[in-house]
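Positions are given from 1, in the same order as the sequence printed here.
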Amino acid sequence: MPREPGHRNAAPAPVYVIPNDFIQTLLDRVDIVEVVDRYVPLKKAGANWVACCPFHGEKTPSFTVSPTKQFYHCFGCGAHGTAIGFLMEHAGKTFPDAVDELARDAGLTVPRVERPGEREERQFHDDLSQRLATAEKFYRARLKESPRAIEYLKNRGLTGAIAARFGIGYAPDEWTALEHAFPDYQDAGLETAGLVVKGDAGKRYDRFRDRVMFPIHDSRGRIVGFGGRVLDKGEPKYLNSPETPLFSKGRELYGLWLARNAIRDADRVVVVEGYMDVVALAQHGVEYAVATLGTATTPVHAQKLFRLTDNVVFCFDGDAAGRKAAWRALENALPILADGKNPRFLFLPDGEDPDDFIRRRGKAAFEEALSGATPLSDFLVAELSVRHPPDSDEGRAALVAAARPLVSQIGAPVLAALITRRLAEIAGLTEAQIAPIVQAPLAPRGRDGSRDPRREPSRGGPVADDRSGWSAPGYVSDDLDAGRAEPAFRPRSTGRWPVRRAPSLARQLLQAVLLKPSLVREIDIPATGETTPDAAALAAVVDQSARSDVAPTTAGLLQAFAGTEFEGALAAAVASAEEHAITPELAESQLREGVARFREQDEQRRIAALLALPLDQLTPEQRDLIARRLGSGRVATRTTDP
């Protein structure tokens, strides 16, 4: 039996920062092969070790662990990371726990440092959390004194035990009921915590009045907010805490703290839309349900859920509003998908919510409905076909155009390829024809919402992507592609091999500094002038390496940028180097050649700009530069008109 929720706020654990330099040292001491082999049996394959990927189902090994780079990468699903990342993603450990385990293995003590202001910020959060815990205790006590609220819960089929487990309470129908819980009702912290509202002329009153109260917990079990439901007819039906320093509805899920163990045991989670749905499902034995908090499912929500289980069922009403909410959930889940993850969608009969369904039909019927839920791929294709009926060329073209911004976001390469094949069949095109259209990333939007057509991917043909671990033989150099974002995935087609473009200068330099980070302190690496993810990642890595007090390592740099906007570019660069057998020695040679080539090209651009100027506008130094470059003491130039 879990402890009462109110007790979880008693003594929050201190939050410390683990210095990045220590992470670099730690990853230099551990052997990622030994770490992974504890969970996944590895086999030697040349310089690396391989296995069937633990993150998605496969029969032929595509999961590679590199002892030299201290990095793992799956060429099938794109999973990647360091020893720390593997313990987090595969073993489900938190970052501090993963670091602690590896440090114990290496015989190191983990230093923990507070950032400036960290103690004050933590105390501020603890004070807010304590206020919320006090309010929760007050609401629970008032529930026992309200026959009307108790009768409401009984009519909804809830027992006292389930109400106690979820910490359900009641906010009295009074303007300042919380005066009885807090001696200082004028405390500004009550307003910051979202419990009290400051109205006109400074008058204060309770935010929640005459509502059944549902405490909302974060991943540490702390109460961070409340949801209140009206007892009778009234608006709004549900009222949530406002955004506060502790609470964000786009980050939290109701019931997740209590459902964690049940989710792991059942190996699935069902996402519903209301607090009462979660509580009613738990009342009937379905304890692995969570609810969004008055907002669509966000990418943060989806990421939290897929860390707990591979099987997520989004459950909605079958009406238009329910299908619209389901579509939003689909859109937000696409970027964080990995092959092996199974998002599904369950649409209940019109007029029924999960609470109604399970009370009328029981647990067995509900779980049978969950088992028959629609896979994301089926829902996506079916919904596009409804919106754009493929009964004409124009309809099929509209369907493919609508699919493009969706398929291009899918983070699961195999799933993206399979959906692409289905779309090709519907559109009457070959995979080779449709892949460059639906899988090419869209150009970033400008501030006015428009797209720059110059930054759109080429439609000349498919391009293999280094991140997928697959490439075609041969290279075609195309300087115009230097600023072009790489597509997420390119499947093999039954036609001729696609053409693979040469890596940009930024990609080559990025690979080199990742494979041999010490070069950053030996060579002045220039900014390439490219506006690509590789160029941005290169600048970040150079800056990080220059500021580090310890010698940077490949694994240390990858871990330092895990979870940031640069992670994808770094992982793709290392995976590409692995695929093409680029050694640190070769990388150093490429780096020196690349820097020399860049400086040569940069000087050529400067010369060209100077030659366009009249002679009398040039300085003596500029004239000497032109003379040296052209190999003579004289330069044919123009003068300004008299």
Roughly how far, to the nearest 0.5 Å, is [atom2] of [Y] from [atom1] of [X]?
X	Y	atom1	atom2	value
Leu158	Ile168	CG	CD1	5.5 Å
Thr159	Arg165	OG1	CZ	10.5 Å
Asp127	Arg131	CG	CZ	5.5 Å
Leu334	Ile410	CG	CD1	5.0 Å
Arg260	Thr309	CZ	OG1	12.5 Å
Leu87	Leu102	CG	CG	5.0 Å

Between the main-chain N or O of [Y] and the side-chain N or O of [X], is there a donor-acceptor pair closer than 3.5 Å?
X	Y	result
Ser241	Gly225	no
Ser129	Asp126	no
Thr192	Ala188	yes
Asp206	Phe208	no
Thr82	Phe71	no
Gln559	Gln24	no
Glu191	Asp187	no

Checking side-chain polar atoms at under 3.5 Å, does [X] have a donor or acceptor matched by the opposite partner on [Y]?
X	Y	answer
Asn311	Asn342	yes
Arg140	Tyr170	no
Glu252	His301	no
Thr176	Glu179	yes
Asn332	Thr298	no
Thr25	Asp28	no
Tyr152	Arg148	no

query = When you look at Gln70 and Thr553, which way does the side chain to side chain contact (heavy atoms under 4.5 Å, CB included) test go after all the steps?
reply = CA-CA 9 Å; Gln70 288 295 300; Thr553 63; over 6 Å; no

ask   = For atom CZ of Arg328, is the number of surrounding heavy atoms from other residues, nucleotides or ligands below 6.0 Å larger than 12?
value =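 Not buried by this count: 12 neighbours or fewer within 6.0 Å.
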
ask   = Would one find more than 12 heavy atoms of other residues, nucleotides or ligands at under 6.0 Å from atom NZ of Lys341?
value =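 More than 12 within 6.0 Å, yes.
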
task = Show the numbers, then the answer: is there a side-chain hydrogen bond (donor to acceptor under 3.5 Å, both in side chains) between Arg268 and Tyr288?
result = CA-CA 7 Å; Arg268 69 178 169 187; Tyr288 46 84; 3.2 Å; yes

[X] side chain near [Y] side chain, heavy-atom distance below 4.5 Å:
X	Y	answer
Lys137	Arg142	no
Phe345	Val313	no
Val196	Arg207	no
Pro552	Gln544	no
Pro517	Leu557	yes
Tyr238	Met276	yes
Arg209	Pro172	no
Arg344	Thr374	no

Trace of the side chain to side chain contact (heavy atoms under 4.5 Å, CB included) decision for Phe314 with Leu346 = CA-CA 6 Å; Phe314 298 97; Leu346 173 60; over 6 Å; no

Closest non-hydrogen atom pair, [X] against [Y]:
X	Y	result
Ala555	Leu27	O-CD1, 3.4 Å
Leu128	Gly189	CD2-O, 3.7 Å
Val110	Asp100	CG2-OD1, 3.4 Å
Leu153	Val212	CD2-CG1, 4.0 Å
Ala289	Ala259	O-CB, 4.0 Å
Tyr254	Pro215	CE1-O, 3.3 Å

request  = Could you tell me how the ring of Phe138 sits relative to the ring of His180: parallel (under 30°), tilted (30 to 60°) or perpendicular (over 60°)?
outcome  = parallel

ask   = How far apart are the C-alpha atoms of Glu243 and Lys249, what are their side-chain angles, what is the distance that settles it, and do they pass the salt bridge (Lys or Arg N to Asp or Glu O under 4.0 Å) test?
value = CA-CA 7 Å; Glu243 299 283 310; Lys249 62 185 179 181; 5.5 Å; no

side-chain contact (heavy atoms from CB on, under 4.5 Å) partner of Leu132, the single match among Leu246, Thr244, Leu190 =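 Result: among Leu246, Thr244, Leu190, Leu246 is the only option passing the side-chain contact (heavy atoms from CB on, under 4.5 Å) with Leu132.
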
task = Would you check if the distance from the ring center of Tyr139 to the ring center of Phe226 is below 6.0 Å?
result =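 Yes, close enough.
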
inquiry  = Does Arg361 form a salt bridge (Lys or Arg N to Asp or Glu O under 4.0 Å) with Glu352? I'd like the steps, not just the answer.
reply    = CA-CA 11 Å; Arg361 311 186 191 192; Glu352 284 193 349; 3.2 Å; yes

task = Take Arg323 and Asp319 through the test salt bridge (Lys or Arg N to Asp or Glu O under 4.0 Å) and record every step on the way to the result.
result = CA-CA 6 Å; Arg323 298 191 76 85; Asp319 57 13; over 6 Å; no

task = Could you give me the CA-CA distance, side-chain angles and deciding distance for Phe347 and Phe379, then say whether ring pair (Phe, Tyr, Trp, His ring centres under 6.0 Å) is met?
result = CA-CA 11 Å; Phe347 298 99; Phe379 177 44; 5.4 Å; yes

Audit row: Val30, Asp105, side chain to side chain contact (heavy atoms under 4.5 Å, CB included) steps and yes/no = CA-CA 8 Å; Val30 301; Asp105 294 343; 5.6 Å; no

query = Hey, mind stepping through Glu151 and Lys154 against salt bridge (Lys or Arg N to Asp or Glu O under 4.0 Å) and telling me if it holds?
reply = CA-CA 5 Å; Glu151 187 64 23; Lys154 286 183 176 179; 5.3 Å; no

task = Could you go through the side chain to side chain contact (heavy atoms under 4.5 Å, CB included) check for Leu308 and Leu256 one step at a time?
result = CA-CA 10 Å; Leu308 290 173; Leu256 182 60; 3.6 Å; yes

